[in-house]
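The structure under discussion appears below in the form of structure tokens.
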Amino acid sequence: MLRVFRDLFRYNREFAAGTILVLIVLSLVVASFFSPYPPQDSYVVPPDVPPCWAYPLGTNSRGQDVFWQLTVAIRNSLLFGIAVAFLSRIISLAIGLVSGYTGGLVDRVLMSINDTFVVIPQFPILTLFYFMMHDHMSWTLLALAMASLGWPYDARLIRSVALSLRNREFTAQSVFSGMSTRQILLEEHLPYVLPIVFSTTMNNINWSIGLEVTLSVIGFTNIETPTIGTMIYWANQHTAMVAGIWWWVVAPVATVIMTFIGLFLLSVSMNEFIDPRSRLARMGV
Amino acid sequence: MDVALSVRDLRAYYLTSHFGVEREVRAVDDITLSVEKKEIYGIAGESSCGKSTFIRTIAAAIRPPLRVLGGSIRYSFLDRDLYDLDERALTEMRWKHLSCILQGSMNVLNPVRRVRESFKDFASPHMGLARSVFFDAVKAHLNRLRLSPTVLSAFPHELSGGMRQRVAIALATVCRPEFIIADEPTTALDVVVQKDVLALILEMQREIGSSMIFVTHDLTVHANISNRLGIMYAGRLVEEGSTRDILRDPMHPYTRHLIASLPRIGDVTPKKGLSGAPPSLADPPSGCRFHPRCPLAMDICRQAHPELTALAPGRRVACYAVSPLVQPAHEAAAARKATKADKSAAFLQ
Amino acid sequence: MKEWPRASLLGAEIEFASMRTYARYFLRRLGQFVFVVFVGINIVFFVTHATPVDPVEQAISSATQFGHSDPRAVEIMRKALRELYGLDGTILQQYVRFWTRLATGDFGPSLSAFPTPVSVLIRQSLPWTVGLLFTSTLIAWGVGNSLGGLAGYYRKNRLLKAVGIAATGLQPIPSYIMSLVVLILFGYIWPILPISGGFQMNVSPDLSIPFVSSVIMHSILPVLSLVLITIGAWFVGMRSLVSNIVTEDYVVYAELAGVNRRRILTSYIMRNALTPQLTGLALSLGAIFNGAIITEFVFGYPGLGTLLVRGVNSGDYSLVLGIASISIVAVATAVFVIDLLYPLLDPRVKVE
Amino acid sequence: MGGLLGRTRFAAIDDVSFSLEAARPEIFAIIGESGSGKTTLARMILNTLAPSKGIIRFLGEDISRFRGRREQLQFMRKVQPIFQNPFEAFNPLKRVDRYLFASAYHFAGHHGRAGREAAADEALKKVGLSLAEVKGRFPHELSGGQLQRAAIARALISSPALIVADEPVSMVDASLRMSIVNLFKTLRDELRVSIIYITHDLATAYYISDRVLIMQKGKVVETGPARQVLSNPQHPYTVLLRESILSPDDVDKSHLAGAA
């Protein structure tokens with residue numbers, strides 16, 4: 001495993017760049033646990049101080065240190081993304097594998113529903129959801145709502161792989177070796193599905209963080225939870241750009257862009273590395 | 001006899017590097033042969049013996065990781081080596097002088113273009129005819145191949161497999177090229193259709209008077225279509241002669257085995273398979289590449305690979321056990337043309 | 001040369017695609033369209049009815065927050081709002097009324113712009129959104145695919161490689177962040193273009209040159225943001241498609257025939273990549289629509305996005321509901337239109 | 001004594017009937033071109049596809065009634081497949097031996113490692129390989145011939161009464177093909193396994209099979225003893241097939257010139 005990592009790092013520029021970016025973001029997350037004061041507290045430092053030695057990313061108009069604020073915000077945003085990705089992976093794996101392995105009518109019905117969810121614009125529906133929930137809106141509810149909208153694209157990918165695997169001769173060989181369906185799905189087919197699950201997880205984390213930021217900035221989430229989105233929301237509320245407190249906006253934007261590109265590069269490079277074909281090429285076929 | 005194509009010491013390898021693992025697959029190693037005018041030269045061999053790579057190389061259709069590392073390829077209609085042509089001359093030569101019929105007629109025609117457009121793209125630039133005259137000529141040609149002109153308005157998926165292969169043959173012969181390269185053109189076809197298509201190829205070749213290299217693993221097809229036959233094993237030519245001589249009196253132990261093991265209707269004598277398996281071209285055995293499987297292997301076979309030696313007029317064999325005339329080969333100067341090969345590689349990406 | 005009798009010519013076995021196969025294709029896509037609208041609208045109904053908050057009570061509480069609250073007046077107001085929102089009667093009656101309203105395009109009057117009907121507000125904003133979406137999608141899809149195709153074919157070109165790196169970097173950035181960065185760049189750092197609104201306030205909205213140019217100037221930044229958001233995905237997708245198609249037999253064969261290189265790239269490679277990219281467009285329209293309304297909000301563009309946010313902030317239930325429903329119908333329609341284009345591009349489309 | 005496969009009627013394929021005797025193992029060739037329905041027939045015999053009409057009986061029992069896992073395992077113990085493409089028939093990401101061990105576990109009841117390895121080795125020896133050559137290897141490390149032998153060995157572990165081989169040598173190289181074909185003879189004569197050999201190749205069918213069945217577009221056009229049917233075909237389609245076959249002996253008198 002370590003060798004794989006080393007090889008990837010050495011021969012795959014995307015992986016190297018992605019790893020470095022994600023490591024930077026992760027170190028911010030780790031730093032959040034060493035914050036000298038609770039992240040919600042305001043007026044703990046002098047307001048509107050530009051970046052300097054004492055406050056590397058400056059302070060904001062609410063008297064918070066932008067750096068420490070940022071560490072907590074990125075931690076929450078990342079956690080949110082991972083939660084949504086995890087939940088929606090369960091749905092997409094279940095739908096994709098069942099649809100592909102069963103085939104026939106089940107497949108047609110599931111894919112029809114799937115395509116519908118792919119097409120439906122999520123933002124107006126999430127907005128409507130916020131509108132109906134208002135103060136009841138919470139981190140968990142939003143994650144659940146987004147997970148229930150974020151699965152279809154990936155389910156379709158997983159299904160197409162599962163479908164092609166079903167018709168491969170080695171599947172029949174496994175059946176006639178007496179293996180159970182569970183064994184075939186987990187031991188024979190999963191290695192082919194995993195690369196997609198990995199790479200779509202990264203992309204799904206990106207998608208959900210992006211949407212969370214958007215909803216937060218407009219104020220359509222619980223704005224008291226510090227996330228990248230709510231950070232920008234408060235900066236906008238204080239018209240930070242107009243007031244020249246640019247670091248308040250630039251810091252979260254730069255961090256979240258770093259996260260996006262880092263995760264995306266990892267997804268691209270992992271996809272290539274775990275792709276059975278390139279795996280076979282490495283094995284020396 | 002005039003020579004239509006002369007290949008000397010041809011060497012083409014796949015050079016790959018993946019995650020730092022460098023590999024060299026010696027698909028075509030030191031092949032020398034010539035094809036006479038108006039003859040069908042058959043090449044036989046098992047999968048991954050290098051016959052497809054050979055075809056790709058003489059058709060100037062290589063792209064990385066395949067590289068031509070040495071040797072020369074001369075066609076009678078060219079005033080210089082194939083790999084000395086610039087892009088423009090190469091494009092001009094294609095189809096007018098040298099055309100191809102490939103395996104898998106299913107996929108050789110652009111699925112979103114009507115057959116008419118394919119004829120226009122492929123043949124029109126070389127025939128230099130006005131549009132209406134051009135299509136009259138095409139229709140006349142289709143007629144000769146017993147194809148209705150309605151195929152021109154069809155999309156490839158609207159044709160049956162046999163029809164598609166006929167259209168492909170029409171496409172390859174409409175410019176009346178001097179040389180045709182056929183790569184397993186009947187392999188995916190059913191036997192009834194296969195016979196038809198072979199007859200058509202033979203008929204066109206005779207009518208146009210072109211020379212042809214015909215590649216297939218199927219010796220029964222060669223028996224029916226090829227004038228001469230070259231047998232390839234693990235990237236090398238091991239035997240060559242007239243098809244009749246080879247089928248009647250094979251000399252190389254590999255050829256002998258291939259022919260002896262052919263099942264025939266009416267013949268129930270036990271046939272044997274060879275032990276072992278064809279070697280990996282990434283790591284071929286030393287000396288004669290057949291020696292690990294050869295029942296006649298001697299010490300020298302392990303040390304140096306035998307020169308393809310003329311033992312009778314038109315008959316060449318590379319096996320020490322066949323005749324004392326066969327001597328170790330002189331290694332041809334390697335990498336003679338690496339730079340030229342790179343140039344052509346850049347052209348075809 | 002012997003002439004063969006016409007009768008023996010092979011040709012009768014050609015199966016030309018018939019009108020009937022197109023008709024069956026059309027019906028299938030129509031079925032999917034109806035299904036998408038049906039499921040989408042049901043989700044909307046579910047969200048509005050399964051949530052604990054009653055929009056009527058919410059409106060009343062915000063109305064009675066300040067000033068007097070005569071219980072009788074509140075009761076009248078409650079009744080009026082229920083009727084207005086279509087929230088009176090049994091759940092089944094509400095469900096039927098929900099569909100009737102959608103079918104007639106009547107979502108009642110808007111609360112925030114009383115008594116203007118919601119349908120009028122939507123009709124005013126929709127052209128802006130459609131225009132923005134259409135322009136930016138056309139540019140992003142066209143340019144992204146063209147460059148991606150070139151990059152896939154000419155793999156060694158330095159310039160195209162650089163474009164590839166940029167596209168890879170752009171691809172994962174979500175709409176809001178991209179719009180914000182564009183806004184900061186062109187609004188604060190290098191302020192050369194208008195950053196808010198759909199046209200200049202002091203220009204009268206008619207078909208005059210100042211108005212049209214003002215509309216164009218105002219649309220540049222939103223369009224630019226939207227193009228930047230989506231172009232990366234088209235570029236990268238097309239590039240990988242092309243590098244696969246290059247190895248297809250029909251491309252190799254055309255190269256062997258010395259077919260003109262530009263013709264190979266356009267008619268053999270890109271033409272065959274077009275159909276999967278068109279499918280991709282249909283599948284991502286929902287996501288593109290999301291991006292558009294978010295970008296509109298950032299730039300205060302007078303489209304559906306800005307209207308939606310205004311509706312939420314002013315507690316305008318009918319307006320939010322109307323926009324959500326119309327969005328679903330609009331995107332489903334656009335997907336349907338693209339589906340109908342598909343057989344024109346791919347002659348192989350047949351009903352299995 | 002009932003037939004091994006008795007009173008077989010397929011309607012998806014149009015009305016195909018034949019039976020094999022359990023007591024007298026034979027190689028039964030089903031010959032057809034693409035689209036003749038021979039692969040569909042194979043899948044029906046293997047019970048992976050249900051005929052829309054008609055019954056396939058194995059040792060007197062209707063195989064479509066084998067639904068539960070126990071019954072299916074029971075059926076698979078007696079009827080085993082060999083696939084067309086040896087490189088496709090093993091998962092490229094998994095070791096080849098796992099299928100042998102799985103068969104030994106599920107069909108021969110070898111739950112211990114030593115028992116499984118012994119059973120695999122014994123089966124591999126029957127096909128001219130040994131466990132030492134296969135153990136721990138991935139499919140790409142073996143040749144097509146070796147893989148096809150390993151596949152046959154795997155099928156043999158459960159001591160089946162019937163093997164259904166769908167084009168088992170069409171993807172195997174010429175120099176290795178006949179040794180696989182000969183193997184089927186050995187299975188019939190020494191292990192007393194019946195083999196349904198599905199192919200488009202008349203010559204190998206002539207060489208090994210006892211009886212043949214010729215299919216065209218889902219219908220049986222001719223059936224009977226192999227040598228008789230193929231040497232002296234009666235049905236026009238069989239005659240056409242027989243005439244279209246090229247032979248290495250045509251080298252002096254090519255049939256092609258006249259055909260065109």
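Naming convention: chains lettered A, B, ... in sequence-line order (proteins, then strands); numbering from 1 in each chain.
Ranked by heavy-atom pairs under 4.5 Å with chain C, the first of A:G210, A:P121, A:P124 is A:P121. Looking only at heavy-atom pairs under 4.5 Å with chain A, the residue among C:G315, C:A287, C:A332, C:S284 that has the most is C:G315. The greatest number of non-hydrogen atom pairs below 4.5 Å with chain C, out of A:F220, A:F129, A:W246, is found for A:F220. Most heavy-atom pairs under 4.5 Å with chain C, from the set A:I257, A:T259, A:V249: that is A:I257.
Contact annotation for C:I177: only side-chain heavy atoms (C-beta onward) come within less than 4.5 Å of a heavy atom of chain A. Heavy-atom distances place both the backbone and the side chain of C:F35 under 4.5 Å from chain A. Proximity to chain A is limited to the side chain of C:V181, based on heavy atoms less than 4.5 angstrom apart. Residue contact with chain A, scored on non-hydrogen atoms closer than 4.5 Å, involves the backbone of C:A282 exclusively. Using a 4.5 Å cut-off between heavy atoms, C:V309 contacts chain A through both its backbone and its side chain. Only the side chain of A:I232 has a heavy atom closer than 4.5 Å to any heavy atom of chain C. Contact of A:V119 with chain C is made through backbone and side chain together, with heavy-atom distances under 4.5 Å. Using a 4.5 Å cut-off between heavy atoms, A:V217 touches chain C through its side chain atoms alone. If you measure heavy-atom distances from A:L265 to chain C, the contacts under 4.5 Å come from the side chain alone. Contacts between C:L180 and chain A at a heavy-atom distance below 4.5 Å involve the side chain alone, from C-beta outward. If you measure heavy-atom distances from A:N203 to chain C, you find no contacts under 4.5 Å at all.
Here the shortest heavy-atom pairing between A:V66 and A:L57 reads CB-O, 3.4 Å.
With a 4.5 Å cut-off on side-chain heavy atoms, C:L170 and C:I231 count as touching. Residues A:L263 and C:P172 have side chains not in contact (no heavy-atom distance under 4.5 Å, counting atoms from C-beta outward). No side-chain heavy atom of C:I229 sits under 4.5 Å from any side-chain heavy atom of C:I173. Between A:F123 and A:L215 the shortest side-chain heavy-atom distance falls below 4.5 Å. The side-chain heavy atoms of C:D339 and C:F33, taken from C-beta on, include no pair separated by under 4.5 Å. Under the 4.5 Å side-chain criterion, counting only non-hydrogen atoms from C-beta, A:I196 is not in contact with A:D154.
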**OP:** For C:V320 and C:L308, run side-chain contact (heavy atoms from CB on, under 4.5 Å): C-alpha distance rounded to whole Å, both residues' side-chain angles, the deciding distance at 0.1 Å, then the answer.
**Re:** CA-CA 6 Å; C:V320 174; C:L308 179 68; 4.2 Å; yes

Subject >> Verdict with reasoning, C:E296 to C:T129, per side-chain hydrogen bond (donor to acceptor under 3.5 Å, both in side chains) >> reply: CA-CA 8 Å; C:E296 281 176 6; C:T129 301; 2.7 Å; yes

Original post:
What do the steps show when you test A:S216 against A:T230 for side-chain hydrogen bond (donor to acceptor under 3.5 Å, both in side chains), and what is the final call?
Top reply: CA-CA 5 Å; A:S216 304; A:T230 51; 5.7 Å; no

